[in-house]
Number of protein chains: 2
Amino acid sequence: MSRDASDQVQRESEPSEPGAELTGRLGFLFKHAQQRLYELTSAALAPYGINGRELAVLLVLDALGPTSQQDAARRLGVDRTTMVALIDALEAKSVVVRRPYEEDRRRNVVEFTERGRELFRQARAASDEAERRFLDPLLDDAAAEQLKAQLRALCR
Amino acid sequence: MSRDASDQVQRESEPSEPGAELTGRLGFLFKHAQQRLYELTSAALAPYGINGRELAVLLVLDALGPTSQQDAARRLGVDRTTMVALIDALEAKSVVVRRPYEEDRRRNVVEFTERGRELFRQARAASDEAERRFLDPLLDDAAAEQLKAQLRALCR
DNA sequence: TATTGTTATACTCTATAACTATA
DNA sequence: TATAGTTATAGAGTATAACAATA
């Protein structure tokens with residue numbers, strides 16, 4: 001990366017490129033940045049047979065340990081009915097299993113299978129690598145970290 | 001604080017807050033930042049009876065002048081069949097009109113109505129204000145501009 | 001043959017409501 | 001009564017395929 005910082009910093013507050021009325025808007029920028037991240041991540045995860053949403057479920061399971069579907073749904077910020085389908089898909093691929101929870105038989109415990117845990121480790125590494133490639137256009141690691149910090153601030 | 005040493009090691013680029021495995025990921029950050037921007041923008045546009053996608057169409061029309069649906073669709077990066085429905089909605093609200101284009105009668109020309117142009121000006125201002133509120137958690141205007149510059153770099 | 005607008009259709013992601021079995 | 005999981009269903013947003021009119 002050998003570009004001058006001034007190439008990337010927007011000096012004035014009015015963009016001057018043609019079409020910036022649209023392409024300079026936050027909604028447009030977020031949509032397209034996200035689209036690009038989605039493409040990179042999808043390609044990176046394809047060899048493992050899971051998608052980004054399923055990896056997110058696995059990250060939650062890894063963080064929480066064996067968990068009820070409801071807890072995982074809350075943690076992920078999705079509806080519990082959405083979680084049913086996500087776990088269905090992961091269970092069909094033998095990445096996780098549902099176990100009855102004896103102490104409260106309304107619940108399932110969801111946990112990794114042995115090969116599911118190994119698949120998760122590899123898929124997470126592939127996704128990490130995709131994130132790094134996504135961030136590659138930024139100047140350096142400090143810029144990448146700052147972007148993350150700003151996004152964190154914007155999520156309340 | 002007398003935990004095992006391995007608990008206290010501050011790793012290099014790993015965030016240490018609980019749950020950061022998920023919430024520190026770019027996909028998660030983008031999704032939630034965008035969700036927040038969506039909520040603010042939706043609320044800001046509601047009084048004008050249009051949504052963010054429709055405002056994007058109007059921004060394209062404003063940038064291009066009277067345009068065919070296909071040109072507008074290309075500029076926006078959506079399918080021409082998607083544009084049909086978008087123009088349908090805007091025309092139903094008398095914000096734009098379709099006019100036959102005499103030089104090439106396969107085409108329509110889409111353009112603002114008089115009150116549509118005025119509504120657009122006000123809606124755009126409201127959306128701008130929503131963007132500013134969205135960016136409010138950032139330190140200052142320079143940080144906001146830098147975020148935009150970084151997003152632009154990430155969209156290729 | 002190719003292009004513009006259109007319709008019909010389908011797919012993805014997600015949520016709400018209602019059912020069941022448990023508590 | 002309340003909760004966990006499930007099913008059925010619906011809505012938003014989008015795309016593909018096929019058609020009519022026109023070039």
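Residue numbers start from 1 in every chain, and the chains themselves are labelled A, B, ... in the order their sequence lines are given, proteins ahead of strands.
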**Request:** Choose from C:dT14, D:dA15, C:dG5 the nucleotide whose nearest atom is closest to any side-chain atom of B:Val78.
**Result:** D:dA15
**B:Gln35 CD to C:dA15 C1', straight-line distance once rounded to whole Å** = 13 Å
Return the polar atom pairs (N/O with N/O) between nucleotides 8-11 of chain C and the protein under 3.5 Å, or none.
none

**Item:** side chain to side chain contact (heavy atoms under 4.5 Å, CB included) involving B:Ser94 - partner list, sequence neighbours excluded
**Value:** B:Arg115
**Prompt:** How close or far is atom P of D:dG5 from atom CD of A:Gln69, stated in whole angstroms?
**Reply:** 5 Å
**Request:** Check whether the side chains of B:Gln69 and B:Arg98 place a donor and an acceptor atom closer than 3.5 Å, and report yes or no.
**Result:** yes
**Item:** Residues within residues 38-63 of chain B bordering DNA chain D, heavy-atom distance below 4.0 Å
**Value:** B:Arg53
**Item:** Sequence neighbours excluded - side chain to side chain donor-acceptor pair (under 3.5 Å) pairs with any residue from residues 76-85 of chain B
**Value:** B:Asp79-B:Thr81
**Item:** Donor + acceptor pair across side chains of A:Ser127, B:Arg25 (<3.5 Å)
**Value:** yes
**Asked** For DNA chain D, what residues of residues 86-110 of chain B have any heavy atom nearer than 4.0 Å?
**Response** B:Asp104, B:Arg105, B:Arg106
**Request:** Could you pull out all residues at least two apart from B:Arg99 that satisfy side chain to side chain contact (heavy atoms under 4.5 Å, CB included)?
**Result:** B:Val109, B:Glu111
**Prompt:** With sequence neighbours excluded, what pairs up with B:Glu102 under the side chain to side chain contact (heavy atoms under 4.5 Å, CB included) test?
**Reply:** B:Pro100, B:Arg105
For residues 37-44 of chain B, which side-chain N or O atoms pair as donor and acceptor with protein atoms under 3.5 Å away, sequence neighbours left out?
residue	atom	partner	partner atom	Å
B:Glu39	OE2	B:Gln35	NE2	2.9
B:Thr41	OG1	B:Leu37	O	2.9
B:Ser42	OG	B:Tyr38	O	2.8

**Any pair counted as ring-ring contact (aromatic ring centres under 6.0 Å, His included), so long as it reaches residues 129-156 of chain A, sequence neighbours left out** = A:Phe134-B:Phe30
**Asked** Taking only residues two or more places apart in sequence, or in another chain, which ones meet A:Glu118 in a salt bridge (Lys or Arg N to Asp or Glu O under 4.0 Å)?
**Response** A:Arg121
**Request:** Round to a whole Å and report the spacing from CD of A:Gln70 to P of C:dA21.
**Result:** 18 Å
**Asked** Between C:dT6 atom P and B:Asp79 atom CG, what is the distance in whole Å?
**Response** 13 Å
**Asked** ring-ring contact (aromatic ring centres under 6.0 Å, His included): which pairs involve residues 85-106 of chain B, sequence neighbours left out?
**Response** none
**Request:** Find which nucleotide of DNA chain D each of A:Arg74 and A:Lys31 is nearest to by heavy atoms, and output the residue with the more 5' nucleotide.
**Result:** A:Arg74
**Message:** I need the CZ-P distance between A:Arg80 and C:dT14, as an integer number of Å.
**Reply:** 17 Å
**Asked** Tracing side-chain links under 4.5 Å among I, L, V, M, F, W and Y, which residues wind up in one group with B:Ile50?
**Response** A:Leu22, A:Phe28, B:Leu45, B:Tyr48, B:Leu55, B:Val57, B:Leu58, B:Leu59, B:Val60, B:Leu61, B:Leu64, B:Leu76, B:Val78, B:Met83, B:Leu86, B:Ile87, B:Leu90, B:Val95, B:Val96, B:Val110, B:Phe112, B:Leu119, B:Phe120
